[in-house]
Undergrad: 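Have a look at the structure that comes next, please.
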Amino acid sequence: MAVNFQQLPHSGIRSLIPYKPGKSIEELAREKGIKSNDIIKMASNENPLGCSPLALAELKNISPHLLATYPSPINHPLMSKLANKLKIDAEQLFLSNGSDYIYTILLNCFVLHQDKHIITHEYAFSTYAIQAQTLNIPVHTVADNPNWQVNIDSLIRACNLKTGIIFLANPNNPTGILINPKEIKRLLENIPESTLLVIDEAYYEYAATQLNCNSIDWLAEHPNLVITRTFSKIYGLAGIRLGYAISHPSIIELMRRIQLPFMVNQVALTTAHAALEDEEFIQQSLQLNSEGMRQIQAGFTELNLPYLPSACNFLTFDCKQDGISLYNYLLDRGIIVRPLHPYKMNNYLRVTVGTKEQNNRFLDELSNYYK
């Protein structure tokens, strides 16, 4: 009798519904027969300006000899430059292949085979639960408040000595909601010291102007805090896959111990090193996002479509009906947005803030749909 390979993995993998990324331009072009140049992707919160010109210049100048050598992230100038920018010691910094992969490392280090669970919350970024389920780690989820805010009291009540990690994103994806830093600090003060609080700050640069503190300042008092950030969003380097974690040196040492060698490639190290110096590009990106946010919000208001307040580079809006119809309507017209059915937000779509021209095209088609 033939082996049923579907039954060989553990139950977490057998029942896993994998993360489904936003549809790519290439995929839509193939499906609909639309030219790639006629498609705009407003689904994955990428920087519509592309990447830093300084990073692109370094990419073009990478030597064949560098590409032929194995990378050494811990010895690369990026480590000291990033540590200095963050005002931390290099021993508190961990580089990896995108911030997503960091969560698997943390789960392996601090939860797996320890009879522990993780806690996350309703409408949290789905990858935390997916990665835990891949390792057959129990996931406890607490309900959010009616205003989409994370219920800190519920997280505190749910947490115990068997809680390995609590995952939060601030601002949150897919809602865009910013958590009050005082509430996060209160959470840190009311959980066991053996429970890690992982704050996913992928959109930190977009939200920084709305924050009156920097979570890095909490590290001295709370060594169980892990902060993750990325070069994928405002730096426009999602294609190179580079994220990083900031934490207590003891936690960082364990993470370095189990990460496979060479997970951060030479291209990522080189381009990120250059991007860190391009403050002009960051300011251009912030300005474009601020203007585009107001542009899209005004369009939603004119169409009487409610939207959630966002501290990110995207807006999540209420279609007033199941959003899949509008999603497909936009796809037919070469516009990719993000349906939120995996989050049970069936009436909502998420749209990335684009250039003025992209935003206008999106709003024009949205207006035509609701005529």
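In this text, all values refer to a predicted model and were calculated from it rather than measured experimentally.
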Undergrad: Does any N or O in the side chain of Thr134 come within less than 3.5 Å of the main-chain N or O of Ile130, such that one atom is a donor and the other an acceptor?
TA: yes

Undergrad: Students often mix this up, so state it plainly: with edges at 30° and 60°, are the rings of Tyr128 and Phe167 parallel, tilted or perpendicular?
TA: parallel

Undergrad: Quick one: pull up OG1 in Thr230 and CG in Leu237 and give me the separation to the nearest 0.5 Å.
TA: 8.5 Å

Undergrad: Give the C-alpha distance, both sets of side-chain angles, the deciding distance and a yes or no for ring-ring contact (aromatic ring centres under 6.0 Å, His included) between Phe94 and Tyr244.
TA: CA-CA 5 Å; Phe94 176 82; Tyr244 57 96; over 10 Å; no

Undergrad: Could you tell me whether the side chains of Asp322 and His341 share a donor-acceptor contact shorter than 3.5 Å?
TA: yes

Undergrad: Please confirm whether the backbone N or O of Tyr123 pairs with a side-chain atom of Asn172, one donor and one acceptor, at under 3.5 Å?
TA: yes

Undergrad: Any chance you could measure Leu219, atom CG, to Asn214, atom CG, to the nearest 0.5 Å?
TA: 9.0 Å

Undergrad: Test Ile165 against Leu106 for side chain to side chain contact (heavy atoms under 4.5 Å, CB included), laying out the working first.
TA: CA-CA 8 Å; Ile165 299 176; Leu106 289 167; 3.9 Å; yes

Undergrad: With salt bridge (charged side-chain N to carboxylate O under 4.0 Å, His left out) as the rule and sequence neighbours excluded, what pairs involving residues 154-168 come up?
TA: Asp115-Lys162

Undergrad: Check for a donor-acceptor pair, side chain of Lys116 on one end and backbone N or O of Thr195 on the other, with a separation under 3.5 Å.
TA: no

Undergrad: Please assess Gln283 against Gln287 for the test side-chain hydrogen bond (donor to acceptor under 3.5 Å, both in side chains), listing each intermediate value before the final yes or no.
TA: CA-CA 6 Å; Gln283 293 307 314; Gln287 182 177 348; over 6 Å; no

Undergrad: For Glu31 and Lys23, run salt bridge (Lys or Arg N to Asp or Glu O under 4.0 Å): C-alpha distance rounded to whole Å, both residues' side-chain angles, the deciding distance at 0.1 Å, then the answer.
TA: CA-CA 11 Å; Glu31 288 178 353; Lys23 190 180 290 290; 3.1 Å; yes

Undergrad: Given Val3 and Phe5, is the side chain to side chain contact (heavy atoms under 4.5 Å, CB included) satisfied, shown in steps?
TA: CA-CA 6 Å; Val3 174; Phe5 292 101; 4.0 Å; yes

Undergrad: Would you indicate whether the side-chain heavy atoms of Val353 and Asn359 approach each other to under 4.5 Å?
TA: yes

Undergrad: Is Lys185 paired with Glu189 through a side-chain N to carboxylate O contact shorter than 4.0 Å?
TA: yes

Undergrad: For residues 140-153, which residue pairs pass the side-chain hydrogen bond (donor to acceptor under 3.5 Å, both in side chains) check, not counting sequence neighbours?
TA: His121-Asp144, Asn145-Asn151, Asn151-Ser154, Asp153-Arg186

Undergrad: Less than 4.5 Å apart, any side-chain heavy atom of Glu277 and any of Ser52?
TA: no

Undergrad: For Tyr70, enumerate each residue passing the ring-ring contact (aromatic ring centres under 6.0 Å, His included) test, keeping only those at least two apart in sequence or located in another chain.
TA: Phe262

Undergrad: Which of these passes ring-ring contact (aromatic ring centres under 6.0 Å, His included) with Phe317: Phe300, Tyr307, Tyr370?
TA: Phe300

Undergrad: Would you say Leu305 ends up clustered with Met345 if hydrophobic residues are merged whenever their side chains have heavy atoms under 4.5 Å apart, either directly or through other cluster members?
TA: no

Undergrad: Has the side chain of Thr270 got a donor or acceptor atom that lies under 3.5 Å from a matching backbone atom of Val267?
TA: no

Undergrad: Give, for atom CG of Leu54 and atom CG of Leu276, the distance between the pair rounded to the nearest 0.5 Å.
TA: 10.5 Å

Undergrad: Side chain to side chain contact (heavy atoms under 4.5 Å, CB included) for Glu27 and Ile336? Distances and angles first, verdict last.
TA: CA-CA 11 Å; Glu27 183 182 0; Ile336 309 171; over 6 Å; no

Undergrad: Is the number of heavy atoms from other residues, nucleotides or ligands under 6.0 Å of Ile258 CD1 greater than 12?
TA: yes

Undergrad: Measuring from Leu286:CG to Thr209:OG1, what's the distance to the nearest 0.5 Å?
TA: 7.0 Å

Undergrad: For Glu365 and Leu330, indicate whether the former's side chain and the latter's backbone hold a donor-acceptor pair under 3.5 Å.
TA: no

Undergrad: Using the side-chain contact (heavy atoms from CB on, under 4.5 Å) rule, pick out the option among Leu112, Leu135, Val198 that qualifies with Leu107.
TA: Leu135

Undergrad: Hey, quick one: are Ile105 and Leu260 part of the same hydrophobic cluster, counting side-chain heavy atoms closer than 4.5 Å, chains of contacts allowed?
TA: yes

Undergrad: Flag the pair Leu178 / Asn170 as yes when at least one side-chain heavy-atom distance between them is below 4.5 Å, and no otherwise.
TA: yes

Undergrad: Check the surroundings of atom CG in Leu8: do more than 12 heavy atoms from other residues, nucleotides or ligands lie under 6.0 Å from it?
TA: yes

Undergrad: Cation-pi between Arg350 and Tyr348: NZ/CZ under 6.0 Å from ring centre and within 45° of the ring axis?
TA: no

Undergrad: Do Ile88 and Ile216 have side chains that get closer than 4.5 Å, going by heavy atoms?
TA: yes

Undergrad: Looking at CG of Leu340 and CG of Leu349, how far apart are the two atoms once the value is rounded to the nearest 0.5 Å?
TA: 6.5 Å

Undergrad: Between Asp89 and Gln92, is there a donor-acceptor pair closer than 3.5 Å when you use the side chain of the first and the backbone of the second?
TA: no

Undergrad: Run Asn224 and Glu193 through side-chain hydrogen bond (donor to acceptor under 3.5 Å, both in side chains) and show every step you take.
TA: CA-CA 6 Å; Asn224 57 330; Glu193 293 179 352; over 6 Å; no

Undergrad: Restricting to ring-ring contact (aromatic ring centres under 6.0 Å, His included), what partner residues turn up for Tyr203, sequence neighbours left out?
TA: Phe314

Undergrad: Starting at OG of Ser232, measure out to CG of Leu242 and round the result to the nearest 0.5 Å.
TA: 8.0 Å

Undergrad: Determine which pairs satisfy salt bridge (charged side-chain N to carboxylate O under 4.0 Å, His left out) with at least one residue from residues 223-250, sequence neighbours left out, and list them in order.
TA: Glu201-Arg229

Undergrad: Is the shortest side-chain heavy-atom distance between Ile137 and Gln133 below 4.5 Å?
TA: no

Undergrad: Where the side chain of Ser99 meets the backbone of Gly243, is there a donor-acceptor pair that is under 3.5 Å apart?
TA: no

Undergrad: Can you tell me if Asn173 uses its side chain to pair, donor with acceptor, with the backbone of Phe125 under 3.5 Å?
TA: no

Undergrad: Counting N and O atoms only, with roles assigned by atom type, does the side chain of Ser44 sit under 3.5 Å from a partner on the main chain of Glu46, one being a donor and the other an acceptor?
TA: no

Undergrad: Arg361 vs Ile335, test: side chain to side chain contact (heavy atoms under 4.5 Å, CB included). Steps then yes/no.
TA: CA-CA 9 Å; Arg361 181 174 162 190; Ile335 301 172; 4.0 Å; yes

Undergrad: Given Tyr235 and Ser285, is the side-chain hydrogen bond (donor to acceptor under 3.5 Å, both in side chains) satisfied, shown in steps?
TA: CA-CA 9 Å; Tyr235 286 101; Ser285 299; over 6 Å; no

Undergrad: Can you confirm if the aromatic rings of Tyr329 and Tyr369 lie within a centre distance of less than 6.0 Å?
TA: yes

Undergrad: Under the rule for side chain to side chain contact (heavy atoms under 4.5 Å, CB included), what residues qualify as partners of Gln284, not counting sequence neighbours?
TA: Leu49, Glu280, Phe281

Undergrad: State whether the side chain of Gln358 and the backbone N or O of Thr355 hold a donor-acceptor pair below 3.5 Å, judged by distance alone.
TA: yes

Undergrad: So Ser215 and Ile184, do their side chains get closer than 4.5 Å, heavy atoms only?
TA: no

Undergrad: Flag the pair Arg257 and Glu253 as a salt bridge only when some basic side-chain nitrogen lies within less than 4.0 angstrom of an acidic carboxylate oxygen.
TA: yes

